[in-house]
Amino acid sequence: NVKNRDDKPLCEDGVFAWSCKSGGHGYRLQCPAQTPVMCADLACDGGLDYCCEKDCGSKGGPRPADNCPPPQKPKDGCA
């Protein structure tokens, strides 16, 4: 296991870093466990990248996957 790898986002080029876009590593692909939700707004890394948060309510909600509709809250009962 790589040291400090699990507490930083995974960048497009395979590097784990908080400054993915500004550091020349592409966009964030996956958020770390402590901030697991990728937000829809480009509001992090100087406004260049998507944020990783526990709650994206103030950053455009969760970012939908490519060509997928935004996630919806399940109706009463099973999802």
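Because the structure is predicted, anything quoted here is derived from the model rather than measured. Just the heavy atoms: all of them, side chains too, but no hydrogens, waters or symmetry mates, feed the values below.
The minimum heavy-atom distance between Leu48 and Leu42, with the atom names listed, is O-CD2, 3.6 Å. Residues Arg28 and Arg63 come closest through the heavy atom pair O-NH1, 4.4 Å. Here the closest heavy-atom approach between residue Asp13 and residue His25 is recorded as OD2-ND1, 2.8 Å. Looking at every heavy atom in both residues, Cys51 comes nearest to Cys31 through O-SG, 4.4 Å.
The hydrophobic clustering, which links ILVMFWY residues whose side-chain heavy atoms are closer than 4.5 Å, places Met38 and Tyr27 together.
Applying the side-chain hydrogen bond (donor to acceptor under 3.5 Å, both in side chains) rule to pairs touching residues 48-58 yields Glu53-Lys59, sequence neighbours excluded.
Tested against Pro9 for a side-chain contact (heavy atoms from CB on, under 4.5 Å), the candidates Cys44, Cys52, Ser19 yield a single pass: Cys52.
Between Cys20 and Cys11, the two SG sulfurs come within 2.5 Å of each other, short of that mark.
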